[in-house]
Amino acid sequence: MSKEKKVASIGGQAVIEGVMMKGKTSQAIAVRSESGDVLIESKRLKKQSVIAKIPFLRGVVALFQSMVGGTECLMRSASVFGEEETSKFDDWLSKKLKISAVDIASFIGVVLGLVLSLFLFFYLPQVIADLFLSISANVFLYCLIEGLIRITLFISYILLTSLLKDIKRTYMYHGAEHKTISCYENGMELTVENVKKCSRVHDRCGTTFMFLVMVISILMFAVVNAIFAHYGIEFEGIIGKLFRFLIKLLTLPIIAGISYEILKLLAKTKSKWVIIFKFPGLLLQRLTTKEPTDDMIEVAITSFTEVLKMDEDQTIPEKTFNVYGSVNTLYNKVVNVLKKAGIEDLCDAEWIVARVTQISRSQVIGNKNSVTKEQTEKALEYANKRSKKIPLAYVFGDMDFYGYTFAVNESVLIPRPETEELVMHAIKEINSDKKVLDLCSGSGAIGITVNLKTNAKVTLVDVSCDAINMAKTNAEKLGASVNFVQSNMFESVEEKFDFILSNPPYIKSDDIKSLQSEVKNEPILALDGGESGLDFYEIIANNAYNFLNDGGALYLECGIGQASDIVNLLEKTNEYKDVQIIKDVNQIDRIIKAVKL
């Protein structure tokens, strides 16, 4: 970029952790999020009305637009750091009245800001001035004293607010905004290094405008009050004080219009003869701007560049902030949904957020990285399903088992860690020459894992057609080479095997009703083991030896307290040797191993 001087048609404002830039046809807000990313929101501006182009009137319009638009920009930047859920009231406003809570907050902010400004800088100076001099004694001296008090309060306000950390950062972003615009107007390439070299004061700054308003108000109020004094109109008592304040309100648009025209006139020239008029405003800017950091300058450049591009190319689409907060925000939202449903296990919230953000569970809590709209919607979708007491594996549609991810739904039992232990012990003895039967296969977790780990010839058997279909899906997805037989236990099985592995239904029929709501969502067919809980073990004990090769082994998973009874069933047949009970990691009798004689 050449160093030819330019006049930017872009102005701006500092917002919370960012900068707003406004051009002829577009506006952009760039904000540095908690995660360190620069987020941007941009929009096309409506065409200016005729009034906004008429001298003196355009100053009034500009003042009103800066108040409303400025507050809205502050609210939009604040939304990036919001931690709260959208309430039902917010949703109702959006659907029924076509307005948002941000719109309402912006309106309230404008009103409160206006009231506070009028009180601090117009009514309070009048009250203090009345302590020193009566307006009837000397109109011009009174207005001068009142004006000096107003300026003093304004400077004090700036100095006091600059002591606050967040406000100081806003002043630094204000400096970044000015320096970026100055860099462009000086014909320099918009880089951080170039912007750092530029001045943080600017002729068209709102601080200078505010100073001009205060100076012009001294003259305006003096003239108006002198006219009233000429006609003998007194301003005594409370009524008189309120009347004087009302006059200030009525003349404020005129003062704004005059001040705006003077500001534009002064900004057009660099003549040393007018520097005396500029100097006080530029000096005040030294208070409302601070030297920015490099990352603040980067934010200002991002905002400026976006407006520059949008003004030049009307086809560039608008952008919307990712206002969905951080990973930790999302975690809190999910926790709230689950708690309302009576689910106190916060691990589920961690799993859900980890799932949608693709990070580990241990990184969820306290994580300030931003989340997207899609991630937020997906997490809340999962949370709402989980709140209906649907097991998390069914909510996700899959479950990890022995290093593989198996698809699951309500037609199959969710694979458990205890079953992984059954596979772990079995594959120690299985190799590629062996034939393995996975009886009551469900999702196929046992048989498919054995095939993938050992390359053994595996057949999966289940009575449920839906379960067989799910197992086929998993085999295809994981690249396993296995056979399928739909059969009620051994009825349709025709081969003999070296190993039979099974995790059959083993819950007593009477105990089904007392199960947790989540477990009740799993297929009863895969849970109900009959009156004693041992129905399927009896079938296996009495028939498995017909389908085992000599020396073949059984590996059966069982429920708590069932191991001894299952051992008795196997020993009664006199067909097995080396019947043993294997404990799980929690030292619970969990696996039965038996070898065919």
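Computed over heavy atoms, backbone and side chain alike; hydrogens, waters and symmetry mates excluded.
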Novice: Given 3.5 Å as the limit, does a donor-acceptor pair link the side chain of Asn367 with the main chain of Asn369, or not?
Specialist: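 Yes: the side chain of Asn367 pairs with the backbone of Asn369.
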Novice: For the backbone of Lys241 and the side chain of Gln126, can you confirm whether one donor and one acceptor N or O come within less than 3.5 Å of each other?
Specialist: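 Answer holds: yes.
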Novice: Could I get the full list of ring pair (Phe, Tyr, Trp, His ring centres under 6.0 Å) partners for Phe132, not counting sequence neighbours?
Specialist: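 Testing Phe132 for ring pair (Phe, Tyr, Trp, His ring centres under 6.0 Å), a comparison that skips the adjacent residues, returns none.
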Novice: Quick one: which residue pairs count as a side chain to side chain donor-acceptor pair (under 3.5 Å) with a foot in residues 54-64, not counting sequence neighbours?
Specialist: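 For residues 54-64, and leaving out neighbouring residues, the side chain to side chain donor-acceptor pair (under 3.5 Å) pairs sorted by first residue read Arg58-Glu261.
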Novice: Which pair of non-hydrogen atoms, one from Ala256 and one from Phe209, has the smallest distance, and what is that distance?
Specialist: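 Residues Ala256 and Phe209, closest heavy atoms: O-CE1, 3.7 Å.
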Novice: Specify the closest pair of heavy atoms between Ala176 and Ala300, including all atoms of both residues, with the distance to one decimal.
Specialist: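 For Ala176 versus Ala300, the nearest heavy atoms are O-CB, 3.7 Å.
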Novice: Taking all atoms of both residues into account, what is the closest heavy-atom pair of Val395 and Ile390, and its distance?
Specialist: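 In terms of heavy atoms, the two residues are closest at CG2-O, 3.7 Å.
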Novice: CD of Gln358: more than 12 outside heavy atoms within 6.0 angstrom?
Specialist: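 Open.
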Novice: Has Asn225 got a side-chain atom pairing as donor or acceptor with Val139's backbone, closer than 3.5 angstrom?
Specialist: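 Side chain of Asn225 to backbone of Val139, a donor-acceptor pair under 3.5 Å: no, none is there.
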Novice: Salt bridge or not for Glu146 and Arg244, using N-O below 4.0 Å?
Specialist: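 No, Glu146 and Arg244 are not salt-bridged.
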Novice: How about CD1 on Ile51, more than 12 heavy atoms from neighbouring residues, nucleotides or ligands closer than 6.0 Å, or not?
Specialist: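 Atom CD1 in Ile51 is not crowded, with 12 or fewer foreign heavy atoms closer than 6.0 Å.
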Novice: I'd like to know if Lys197 and Glu193 make a salt bridge, using a cut-off of under 4.0 Å between side-chain N and carboxylate O.
Specialist: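 Salt bridge: no.
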Novice: Picking from Ile352, Val371, Val335, what satisfies side chain to side chain contact (heavy atoms under 4.5 Å, CB included) with Leu330?
Specialist: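 Between Leu330 and the candidates, side chain to side chain contact (heavy atoms under 4.5 Å, CB included) is satisfied uniquely by Val371.
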Novice: Does Lys278 reach the main-chain N or O of Leu266 with its side chain, forming a donor-acceptor pair under 3.5 Å?
Specialist: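 Present.
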Novice: Donor-acceptor pair, distance only, cut-off 3.5 Å: does the side chain of Ser387 make one with the backbone of Asn384?
Specialist: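 Yes, because the side chain of Ser387 sits within donor-acceptor range (under 3.5 Å) of the backbone of Asn384.
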Novice: Any chance you could measure Lys333, atom NZ, to Asn336, atom CG, to the nearest 0.5 Å?
Specialist: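 Result: 10.0 Å between the selected atoms.
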Novice: Would Met220 and Ile258 satisfy side chain to side chain contact (heavy atoms under 4.5 Å, CB included), going step by step from the backbone distance to the final call?
Specialist: CA-CA 10 Å; Met220 178 63 70; Ile258 295 172; 3.8 Å; yes
Novice: Is Glu374 salt-bridged to Lys378, cutoff N-O under 4.0 Å?
Specialist: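 Looking at Lys378 together with Glu374, the answer is no, because their closest N to O distance does not fall below 4.0 Å.
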Novice: Would you say Ser26's side chain and Met310's backbone share a donor-acceptor pair under 3.5 angstrom?
Specialist: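 Not a single qualifying donor-acceptor pair exists.
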Novice: Which heavy atom of Trp351 sits nearest a heavy atom of Leu392, and at what distance?
Specialist: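 Shortest heavy-atom separation between Trp351 and Leu392 comes out as CB-CD2, 3.6 Å.
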Novice: Between Cys73 and Gln27, is the side chain to side chain contact (heavy atoms under 4.5 Å, CB included) condition met? List the steps.
Specialist: CA-CA 10 Å; Cys73 289; Gln27 171 183 296; 3.5 Å; yes
Novice: Going through the checks in order, is the side chain to side chain contact (heavy atoms under 4.5 Å, CB included) test met by Leu190 and Tyr184?
Specialist: CA-CA 7 Å; Leu190 287 176; Tyr184 176 80; 4.3 Å; yes
Novice: Can you list every pair that meets salt bridge (charged side-chain N to carboxylate O under 4.0 Å, His left out) and has a residue in residues 155-177, with sequence neighbours left out?
Specialist: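 Qualifying pairs, neighbours excluded: Glu17-Arg169.
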Novice: Side chain to side chain contact (heavy atoms under 4.5 Å, CB included), that's the test. Do Leu144 and Phe140 meet it? Break it down for me.
Specialist: CA-CA 6 Å; Leu144 179 61; Phe140 287 99; over 6 Å; no
Novice: Measure from the side-chain N and O atoms of Arg204 to the backbone N and O of Lys264, and report whether any donor-acceptor pair falls under 3.5 Å.
Specialist: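 No; judged by distance alone, with no hydrogens or angles, the pair does not exist.
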Novice: Is there a donor-acceptor pair closer than 3.5 Å between any side-chain N or O of Ser303 and the backbone N or O of Met21?
Specialist: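 Judged by distance alone, yes, a pair lies under 3.5 Å.
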Novice: Counting only heavy atoms not in Ile238 (residues, nucleotides, ligands), do more than 12 fall under 6.0 Å from its CD1?
Specialist: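 No, not enclosed.
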Novice: Name the one of Thr152, Ile149, Ile145 that satisfies side chain to side chain contact (heavy atoms under 4.5 Å, CB included) with Ile128?
Specialist: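 Checked Thr152, Ile149, Ile145 against Ile128; only one passes side chain to side chain contact (heavy atoms under 4.5 Å, CB included): Ile149.
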Novice: With the threshold set at 4.0 Å, does a side-chain nitrogen-carboxylate oxygen contact exist between Lys179 and Glu291?
Specialist: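 Salt bridge: yes.
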Novice: Hey, can you tell me if Tyr157 and Phe121 have their rings parallel, tilted or perpendicular (30° and 60° cut-offs)?
Specialist: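 Because their plane-to-plane angle is over 60°, the rings of Tyr157 and Phe121 count as perpendicular.
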Novice: Has Asn328 got a side-chain atom pairing as donor or acceptor with Lys368's backbone, closer than 3.5 angstrom?
Specialist: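 Not a single qualifying donor-acceptor pair exists.
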Novice: Search all heavy atoms of Asn194 against all heavy atoms of Cys183 and return the closest pair with its distance.
Specialist: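 So the minimum-distance heavy-atom pair works out to CB-SG, 3.8 Å.
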Novice: Would you name the heavy atoms of Thr288 and Tyr171 that are closest together and state the gap between them?
Specialist: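 In terms of heavy atoms, the two residues are closest at O-CD2, 3.3 Å.
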Novice: Would you please indicate if the ring centroids of Phe396 and Tyr382 are separated by under 6.0 Å?
Specialist: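 Yes - the distance between ring centres of Phe396 and Tyr382 falls below the 6.0 Å cut-off.
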Novice: For the pair Arg32 (side chain) and Asp295 (backbone), establish whether a donor and an acceptor sit closer than 3.5 Å, ignoring hydrogens and angles.
Specialist: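 Here the side-chain-to-backbone pair exists.
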